[in-house]
Structures are given as C-alpha cells and as structure tokens.
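All remarks here apply to the structure that follows.
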Amino acid sequence: MRTLRLTEETKKELLGNLLNRNPGSYTEYENTVNDIINDIRKNGDKALFEYTQKFDKCTLDANTVRITPKEIQEAYEALDPEFIEVMKKSAENIRVFHEKQKRNTWIDTREDGSILGQRILPIEISGVYVPGGKAAYPSSVLMNVVPAKVAGVEKIIMCTPPGKDGKVNPGTLVAADIAGVTESYKVGGAQAIAAMAFGTESIPKVDKITGPGNIFVALAKKACFGHVSIDSIAGPSEILVLCDETANPRYVAADLLSQAEHDEMASAILVTTSQEIADKVSLEIEGFLKTLSRAEIIRKSLDNYGYIFVADNMEDAIEAANAVASEHLEIITKNPYETMTKIKNAGAIFLGDYSSEPLGDYFAGPNHILPTNRTARFFSPLSVDDFVKKTSIISYSEQALYNVHKDIELFAKQEGLTAHANSIAVRFE
C-alpha cells in the first residue's frame with residue numbers, strides 16, 4: 001500500500017485512478033449486453049433459458065425457473081439456526097431505521113380557493129437482483145427488500161443465478177423470505193435484468209430494479225434505464241478512513257482491509273495527519289495479510305487502489321475526503337462529531353473507534369447500498385424514497401385563476417405558445 005504526502009498533485013493522481021473503476025469505462029462489453037437484452041425482448045423465456053444453460057450450465061424451463069416453497073424450506077434447514085436469528089435481528093433494525101424515512105401525502109388549501117399538494121404512493125412491483133456463487137450476500141437481500149416493503153410495495157420479484165445443480169444459495173433464499181420477497185426466480189446476469197425490465201412468459205415486468213452485480217449486470221441496468229427505474233450503476237466497494245494521531249492503527253488497518261477483500265477493484269484509502277499512524281497502519285496491514293483468507297485479493301486491491309496519504313493538517317485531509325466522496329467514510333479523530341460537520345460528500349459516515357464499516361454492512365440499520373465512484377457528491381443511499389412515486393395535485397377555483405390569468409397568458413405568449421395562453425384566456429372571455 002503506497003504512502004504519499006497529500007498534495008494537489010497526489011490528490012489529482014488518486015482521483016484519476018479511481019475513475020478507472022467506473023462501470024461506464026468498460027464499453028467493450030456493451031455490445032454483448034445489448035445483444036442479450038434484445039434477445040430477451042424478442043424471444044422471452046426461450047432466450048432466457050438458453051442463456052441460463054450457456055452461462056450457468058443449468059437446464060431450466062417454465063416449470064422449474066420459479067423457486068418453490070419446498071426449496072425455501074430446504075434452505076432454512078440447511079442454515080445454522082443462529083445465523084437465521086441474526087438475519088431476523090438485522091432485518092428488524094433495517095425496518096426500524098427505514099420506517100423513519102416514510103413521508104405522507106400532503107394537501108395545502110389556500111384562502112383564494114387554490115389547492116396544491118403531493119400524492120405519495122408506492123410503486124406497484126419492484127425487482128431485486130442478487131448475485132450468486134461466491135458473491136452471494138444475504139445482507140444485500142435485506143437491504144434491497146426491506147425498504148421496498150416499508151414503502152408499501154406489494155409485489156417484490158427476486159432474480160438470482162442458480163448453480164449447475166439448479167440450486168440457489170440458501171442464505172439468499174432465507175434472507176428473501178425474512179425480508180418479504182413475493183416471488184423468486186433462478187435467473188442471473190444481464191439476462192435477468194432484461195427479463196425484469198421487459199418481462200417474459202415466466203417473469204413479470206417490474207417498475208424498478210435494485211441490487212448489485214458484476215459488470216454485465218451493471219451495464220444491463222444502465223441500458224434498461226428509462227424502460228425501468230434503477231437504483232444506480234454501482235462500482236466496486238470503497239472505504240476512506242480519516243484520522244489523526246489519536247486513532248488506533250490496528251483498528252484502522254482492519255477496517256481498510258474489510259473493503260479491500262471484496263475484489264481486486266475495491267479501493268481502500270487512509271488520509272491522516274500523522275506520519276506515525278501511517279507507518280503503524282502499514283505494519284498492521286502486513287500482519288493481517290499473513291492470516292486473512294482472502295489475502296491474495298486484498299493485495300491486488302491495495303496494489304491497484306490502496307493509498308495512505310499524510311496531510312499537513314486536518315483541513316487538507318477533510319478537503320481530500322470531500323473530493324473523493326467515498327462510499328464509506330470512517331472518521332476516527334479526537335472529536336469525530338466536529339469533524340463530521342465539515343464533511344459534505346460521503347455515502348455513509350462511521351464515527352469513532354467502535355463504528356467499524358461492517359457494522360453498517362450487516363446490522364445497524366442504515367442502508368449499505370451506497371453511491372460509489374465519487375457519486376456521493378449527488379446521489380444518496382438506497383431508501384424508502386426509491387420505492388415511491390410522487391404526483392403533484394393542482395386545483396384552482398374560478399376566482400383563484402382569475403387573479404393570475406393575465407400573468408399566465410403573458411408568460412405563455414413570451415414563450416410563443418399562444419395555444420397555452422388561449423387555454424387560460426377562453427375561461428374569461
């Protein structure tokens with residue numbers, strides 16, 4: 001993990017390097033993804049099952065693609081009961097947090113007879129994509145589905161790839177059942193995104209697709225956006241730890257590695273005002289790498305996108321953190337709450353020694369589906385708002401419209417839209 005002085009030049013180098021991780025950079029896969037989407041749109045189930053055979057080596061048909069209650073029961077039996085209870089506790093924490101995000105329809109009635117308002121309703125059907133194999137994360141199932149349930153979405157569809165034996169990760173199935181998924185299907189990759197976006201004979205069309213996936217899934221979501229709503233085009237995981245001389249270097253090292261183990265494209269960055277902390281963190285990282293099971297992946301991640309920056313002062317360190325706009329930001333300083341007030345861009349902020357990033361991944365309640373690739377400058381975590389739609393309400397009385405009709409007619413005429421102006425004027429001829 002390289003250690004550098006924080007300067008304008010090294011900060012620019014960092015930001016440029018991080019941009020290489022953007023899913024939009026992988027245009028060489030777009031034609032393949034578009035071909036899959038078009039095939040699904042044209043041929044429905046037939047194409048869907050052919051891709052499942054080709055990519056997952058699993059033979060399915062209309063009778064076997066949907067996951068049955070028996071398969072869900074078998075998943076419960078395959079899991080450690082203690083793990084099931086932990087998932088239930090996590091789901092409850094997520095539910096309680098997201099309940100606070102709910103907003104109600106409102107109406108504003110004025111004395112002049114005008115009525116303005118906003119109607120807030122849940123979308124009708126939501127789709128969640130869940131990766132399979134080694135990248136199967138039950139926690140992501142909870143994070144995607146529980147907010148949709150809190151929002152009031154009646155029908156939630158899950159797609160996840162099967163193994164060669166036609167089975168699905170049991171943790172995924174149990175998490176889906178706990179969270180409230182309505183129907184689950186054994187379909188993965190770009191073909192699953194296309195199936196949910198456009199519908200097939202077996203899989204219903206949804207209004208929104210959320211959930212992580214590989215580059216083909218990310219590009220498929222990008223290509224289908226507009227035909228269906230999506231959460232985001234997520235990039236690889238990232239963490240930035242902002243600390244001073246009071247931080248525990250062992251904790252910092254462990255937290256950096258917790259994200260670097262996701263994959264070779266993950267980013268782990270330390271920005272500190274203490275050279276001593278920087279040196280100690282480097283030593284702790286080397287110690288941990290001797291024992292961690294995913295050490296090879298972590299080393300590649302740190303070689304590619306791992307940085308330790310030593311800043312001259314906390315103001316420069318905070319400026320760098322805001323520029324990176326990290327998915328996960330840990331603040332371990334003498335007064336982390338004060339430091340937090342100066343942070344403008346971050347997906348989620350973790351404060352103090354005992355708020356390690358995995359707390360947010362699994363259990364605390366706030367959503368772990370967060371903006372990546374510096375998009376925390378303008379995007380937010382997944383929330384109840386992602387599963388509702390808002391409709392404006394407008395009602396004017398004759399008197400209320402009379403009071404403003406000349407203003408509206410003038411505005412319309414200035415834009416050259418005389419039919420707009422006439423629509424108002426005819427009411428007062």
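Please read these numbers as outputs of a predicted model, since none were measured by experiment. Worth knowing before you read on, the calculation uses all heavy atoms, side chains too, and leaves out hydrogens, waters and symmetry mates.
Summarising the geometry, atom CG belonging to N367 is positioned 8.0 Å from atom CD belonging to Q101; distances are rounded to the nearest 0.5 Å. Of the inter-residue distances, the one linking T172 atom OG1 with I72 atom CD1 reads 12.0 Å to the nearest 0.5 angstrom. How far CG of L256 is from CD of E261: 12.5 Å, rounded to the nearest 0.5 Å. For the atom pair I331 CD1 and K342 NZ, the distance stands at 10.5 Å (nearest 0.5 Å). Atom OG of residue S356 and atom CD of residue E330 lie 5.0 Å apart, to the nearest 0.5 angstrom. Taken from OG1 in T246 to CD1 in I332, the straight-line distance is 8.5 Å, to the nearest 0.5 Å.
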Go through I285 and M1 one step at a time and tell me if the side-chain contact (heavy atoms from CB on, under 4.5 Å) criterion holds.
CA-CA 9 Å; I285 285 173; M1 200 169 178; 3.4 Å; yes
I37 and C224: side-chain contact (heavy atoms from CB on, under 4.5 Å), yes or no, with the steps?
CA-CA 8 Å; I37 292 170; C224 292; 3.9 Å; yes
For H368 and S140: C-alpha separation, side-chain torsions, deciding distance, then whether side-chain hydrogen bond (donor to acceptor under 3.5 Å, both in side chains) applies.
CA-CA 8 Å; H368 79 195; S140 284; 3.0 Å; yes
Could you walk me through whether R41 and D39 pass the salt bridge (charged side-chain N to carboxylate O under 4.0 Å, His left out) check?
CA-CA 5 Å; R41 292 186 71 175; D39 198 4; over 6 Å; no
Using the salt bridge (charged side-chain N to carboxylate O under 4.0 Å, His left out) rule, take E9 and K12 through it: C-alpha gap first, then chi angles, then the decisive distance, then the call.
CA-CA 5 Å; E9 185 176 339; K12 185 177 180 180; over 6 Å; no
Quick one, Y51 with D56, criterion side-chain hydrogen bond (donor to acceptor under 3.5 Å, both in side chains). Give me CA distance, side-chain angles, the key distance, then yes/no.
CA-CA 8 Å; Y51 287 120; D56 299 309; over 6 Å; no
One pair to check against side-chain hydrogen bond (donor to acceptor under 3.5 Å, both in side chains): D244 and T273. What are the steps and the verdict?
CA-CA 5 Å; D244 59 18; T273 52; 5.7 Å; no
Assess whether side-chain contact (heavy atoms from CB on, under 4.5 Å) is satisfied between R103 and D385, documenting all intermediate values.
CA-CA 9 Å; R103 291 191 285 172; D385 282 346; 3.6 Å; yes
Please determine whether side-chain contact (heavy atoms from CB on, under 4.5 Å) holds for the pair V324 and L15, giving the CA-CA distance in whole Å, both sets of side-chain angles, and the decisive distance to 0.1 Å.
CA-CA 7 Å; V324 173; L15 298 179; 4.0 Å; yes
Passes salt bridge (charged side-chain N to carboxylate O under 4.0 Å, His left out), K221 versus D231? Steps please.
CA-CA 9 Å; K221 287 169 72 176; D231 49 354; 2.7 Å; yes
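Looking at D177 and Y76, their side chains do bring a donor and an acceptor atom within 3.5 Å of each other. Residues D61 and T64 have side chains that bring a donor and an acceptor to within less than 3.5 angstrom of each other. For E30 and N34, the side-chain atoms include no donor-acceptor pair closer than 3.5 Å. Side-chain contact of Q53 with T59: a donor-acceptor pair under 3.5 Å is present, judged by distance alone. Side-chain contact check for Q259 and E238: no donor-acceptor pair (N or O, by modelled atom type) lies under 3.5 Å.
Between L302 and L257, the closest side-chain pair of non-hydrogen atoms falls below 4.5 Å. The side-chain heavy atoms of E8 and E319, taken from C-beta on, include a pair separated by under 4.5 Å. For the pair M87 and L79, the minimum side-chain heavy-atom distance is below 4.5 Å. Side-chain contact between L4 and I308 is absent, with no heavy atoms from C-beta onward closer than 4.5 Å. With a 4.5 Å cut-off on side-chain heavy atoms, V128 and V130 count as touching. L48 places a side-chain heavy atom less than 4.5 Å from the side chain of I203. Side-chain contact between K167 and P162 is absent, with no heavy atoms from C-beta onward closer than 4.5 Å. Contact annotation: the side chain of H328 approaches that of D361 to within less than 4.5 Å [non-hydrogen atoms, C-beta and beyond].
For G213 against Y129, the heavy-atom pair with the smallest separation is CA-CE2, 4.3 Å. In plain terms, the two heavy atoms of L6 and D316 that are nearest each other are CD2-O, 3.6 Å.
Remark: E276 CD is loosely packed, at most 12 non-hydrogen atoms of other residues, nucleotides or ligands lying under 6.0 Å away. The environment of CD in E74 is crowded: more than 12 heavy-atom neighbours from other residues, nucleotides or ligands sit within 6.0 Å. For K390, the NZ atom counts as densely surrounded, since its 6.0 Å shell holds more than 12 non-hydrogen atoms of other residues, nucleotides or ligands. The environment of E154 atom CD is sparse: at most 12 non-hydrogen atoms of other residues, nucleotides or ligands sit within 6.0 angstrom. The environment of Y362 atom OH is sparse: at most 12 non-hydrogen atoms of other residues, nucleotides or ligands sit within 6.0 angstrom. F378 CZ: more than 12 foreign heavy atoms inside a 6.0 Å radius.
Checked against E296 for a salt bridge (charged side-chain N to carboxylate O under 4.0 Å, His left out), the options K300, R294, R299 give a single hit: K300.
Using modelled atom types, one side-chain atom of N93 and one backbone atom of F363 make a donor-acceptor pair closer than 3.5 Å. Of the possible donor and acceptor atoms, one in the side chain of S282 sits under 3.5 Å from a partner among the backbone N and O of A278. A donor-acceptor distance shorter than 3.5 angstrom exists from the side chain of T10 to the backbone of R5, with no hydrogens or angles considered. The backbone N or O of E327 sits nowhere less than 3.5 Å from a side-chain atom of T372 that would complete a donor-acceptor pair.
Residues passing the salt bridge (Lys or Arg N to Asp or Glu O under 4.0 Å) test with E99 are R95, K102, sequence neighbours excluded. Partners of E77 by side-chain hydrogen bond (donor to acceptor under 3.5 Å, both in side chains), not counting sequence neighbours, listed by chain and number: Q73. For R2, there are no salt bridge (Lys or Arg N to Asp or Glu O under 4.0 Å) partners two or more places apart in sequence or in a different chain. With sequence neighbours excluded, no residue satisfies side-chain hydrogen bond (donor to acceptor under 3.5 Å, both in side chains) with Y251.
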Can you give the donor-acceptor pairs under 3.5 Å from side chains of residues 180-188 to other protein atoms, not counting sequence neighbours?
{"from": "T182", "atom 1": "OG1", "to": "I156", "atom 2": "N", "distance (Å)": "2.8"}
{"from": "E183", "atom 1": "OE1", "to": "Y185", "atom 2": "OH", "distance (Å)": "2.6"}
{"from": "E183", "atom 1": "OE2", "to": "K155", "atom 2": "NZ", "distance (Å)": "3.4"}
{"from": "Y185", "atom 1": "OH", "to": "S202", "atom 2": "O", "distance (Å)": "3.4"}
{"from": "K186", "atom 1": "NZ", "to": "E71", "atom 2": "OE2", "distance (Å)": "2.6"}
{"from": "K186", "atom 1": "NZ", "to": "G166", "atom 2": "O", "distance (Å)": "3.1"}

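Between K54 and E50 there is no salt bridge, since none of the side-chain N atoms of the basic residue sits less than 4.0 Å from a carboxylate O of the acidic one.
Pairs passing the salt bridge (charged side-chain N to carboxylate O under 4.0 Å, His left out) check and including a residue from residues 196-212, sequence neighbours excluded, read K208-D386.
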